[in-house]
Amino acid sequence: MPWSVVNDADGLPRVILTEPGGSSAEVLLYGGQVVSWKNDRREELLYVSSKAVQKPPKAIRGGIPICFPQFANFGSLEQHGFARNRMWLLDSCPSPLPPARNQSTVDLILKSSEEDLKSWPRSFELRLRISLSPGKLTFIPRVRNTDSKAFSFTFALRNYFSVSDVSEVRVEGLETLDYLDNLMQRERFTEQADAITFDGEIDRVYLSTPTKINIIDHQKKRTLVLRKEGMPDSVVWNPWDKKAKDIPDFGDDDYKTMLCVDSAVVETPIGLKPFEEWRGRQELSTVSSSYCSGHLDPQKVLHG
């Protein structure tokens with residue numbers, strides 16, 4: 001069976017996606033959040049905190065949470081908005097997307113509730129299609145304005161990647177770009193390095209980023225490739241050792257084996273008139289180990 005719904009130990013329903021090649025993904029209806037993505041060798045590609053609280057009303061630290069209608073504290077709502085700690089529903093009518101021919105696909109929906117309207121008085125429908133195929137995990141988020149007035153929002157797919165050793169990881173594709181440094185009161189800088197490497201805390205919003213970004217994990221001989229549409233910004237985050245100890249649901253040493261590289265809409269919010277819809281797309285894939293063995297050719301990684 002390509003997908004099924006099971007209840008975990010906490011009673012939270014989750015969708016299990018599988019495909020014939022052996023890879024799998026797990027999606028919680030709580031938060032509409034992917035909490036596991038394993039390749040055909042059963043290697044986990046996502047990080048979930050060893051101290052994550054996986055029950056309402058707490059947001060789950062790790063996987064791929066949905067930040068809506070606000071990213072971080074770029075607004076008056078709670079951190080990262082409320083979509084990541086709401087119960088979503090299976091979407092039986094994902095129109096206008098065609099029915100999923102790929103059986104390893106699930107469609108989810110979140111609609112504005114009375115509770116949400118108190119803090120964010122705008123009526124909306126947030127839909128998310130998640131598709132698993134060999135070596136690839138694809139997301140299509142959509143926001144429809146079902147209100148009588150226009151509204152705007154920020155958005156992110158917060159990708160917590162599992163890495164072998166963050167100090168040995170390189171991120172390529174963001175060089176020469178401007179970024180807002182959240183550690184410096186969002187002051188604007190221009191990236192000077194030929195690739196981003198990590199030796200301390202980082203919390204940056206890179207602006208007008210390319211559609212393809214590469215996270216190169218030398219130790220695992222693996223490159224995670226992030227492709228995106230409709231989400232022009234990219235957030236790079238790792239709390240490093242000192243801040244990791246101050247985050248209650250984050251393991252003290254977890255910073256060594258995780259890295260967030262997000263697809264986001266931050267600098268310029270999306271504006272929707274009544275009945276308008278915004279659509280984004282994110283595709284995560286991995287470059288095979290055989291390709292990654294030995295020395296990497298940066299041009300092939302960037303443009304291959």
What verdict does the side chain to side chain contact (heavy atoms under 4.5 Å, CB included) test give for Ile130 and Val15, after you've listed the backbone C-alpha separation in whole Å, the side-chain angles of each residue and the deciding distance to 0.1 Å? CA-CA 10 Å; Ile130 302 168; Val15 178; over 6 Å; no
Using side chain to side chain contact (heavy atoms under 4.5 Å, CB included), reason through Val261 and Leu224 one step at a time and then give a plain yes or no. CA-CA 10 Å; Val261 182; Leu224 281 157; over 6 Å; no
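Proximity of Arg127 to Ser95: side-chain heavy atoms (C-beta onward) are nowhere separated by under 4.5 Å. You'll find the side chain of Met231 reaches within 4.5 Å of the side chain of Trp278, heavy atoms only. Contact check for Val48 versus Leu46: no side-chain heavy atoms found under the 4.5 Å cut-off. Residues Met258 and Arg61 fail the side-chain proximity criterion, which asks for heavy atoms closer than 4.5 Å. For the pair Arg122/Ser112, no side-chain contact is recorded, criterion being any heavy-atom separation below 4.5 Å from C-beta on. For the pair Leu128/Asp91, no side-chain contact is recorded, criterion being any heavy-atom separation below 4.5 Å from C-beta on. Using a 4.5 Å heavy-atom threshold, the side chains of Trp37 and Leu284 count as touching. Side-chain contact between Pro65 and His80: absent, with no pair of heavy atoms (C-beta onward) separated by less than 4.5 Å.
Not a single donor-acceptor pair under 3.5 Å links the side chain of Thr257 to the backbone N or O of Ser162. Side chain of Asn214 to backbone of Gly173: no donor-acceptor contact under 3.5 angstrom is found. Of the possible polar contacts, one joining the Thr146 side chain to the Phe124 backbone as a donor-acceptor pair under 3.5 Å is found. Under a 3.5 Å cut-off, the side chain of Asp107 and the backbone N or O of Pro94 do not form any donor-acceptor pair. With hydrogens and angles disregarded, no donor-acceptor distance shorter than 3.5 Å links the side chain of Asn39 to the backbone of Leu45. A side-chain donor-acceptor contact under 3.5 Å links Thr209 to the backbone of Pro232. Side chain of Gln70 to main chain of Ala72: a donor-acceptor pair is present (N/O by atom type, distance under 3.5 Å, no hydrogens or angles). For the pair Asp241 (side chain) and Lys245 (backbone), a donor-acceptor distance under 3.5 Å is absent.
When all heavy atoms are compared, the tightest approach of Ser123 to Phe151 is O-CE2, 3.4 Å. The two residues Gln33 and Arg84 have their closest heavy-atom pair at OE1-O, 4.2 Å. Here the closest non-hydrogen pair linking Phe71 and Ala156 is CD1-CB, 3.4 Å. Between Pro239 and Ala244, the shortest heavy-atom distance links the atoms CB-N, 4.1 Å. Shortest non-hydrogen contact noted between Arg170 and Ala195 is NH2-CB, 3.2 Å. The minimum heavy-atom distance between Val5 and Pro13, with the atom names listed, is CG1-CB, 4.2 Å.
Judged by the 6.0 Å distance and 45° axis criteria, Arg204 is positioned over the aromatic ring of Tyr179.
If you take CD on Glu229 and OG1 on Thr211, they are separated by 7.5 Å, rounding to the nearest 0.5 Å. Remark: Leu177 CG to Tyr206 OH distance equals 8.0 Å, nearest 0.5 Å. The distance from atom CD1 of Ile66 to atom CZ of Phe82, rounded to the nearest 0.5 Å, is 13.0 Å. Separating the CZ atom in Phe161 from the CG atom in Asp217 is a distance of 11.5 Å, to the nearest 0.5 Å. Taken from SG in Cys260 to CG in Leu157, the straight-line distance is 11.5 Å, to the nearest 0.5 Å. Between Ile16 atom CD1 and Ser36 atom OG the span is 8.0 Å, to the nearest 0.5 Å.
At a threshold of 4.0 Å, the pair Arg222-Glu43 counts as salt-bridged, since one of the basic side-chain nitrogens sits closer than that to a carboxylate oxygen. Taking the charged nitrogens against the carboxylate oxygens, Lys51 and Asp249 have no contact shorter than 4.0 Å, which rules out a salt bridge.
Contacts classified as salt bridge (charged side-chain N to carboxylate O under 4.0 Å, His left out) and involving residues 192-203 (residues at least two apart or in different chains) are given here: Glu201-Lys243. Among residues at least two apart or in separate chains, salt bridge (charged side-chain N to carboxylate O under 4.0 Å, His left out) pairs with a member in residues 269-282 are Arg142-Glu277, Arg144-Glu277, Arg281-Glu283.
Aromatic ring centres of Phe68 and Trp120: separated by under 6.0 Å. Checked against a 6.0 Å centroid threshold, the rings of Tyr47 and Phe250 count as neighbours.
A donor and an acceptor atom, one from each side chain of Glu19 and Ser133, are nowhere located under 3.5 Å apart.
The residue from Ile213, Asn159, Val205 that alone fulfils the side-chain contact (heavy atoms from CB on, under 4.5 Å) condition with Ser234 is Ile213.
The aromatic rings of Tyr255 and Trp240 sit tilted, their planes meeting at an angle between 30° and 60°.
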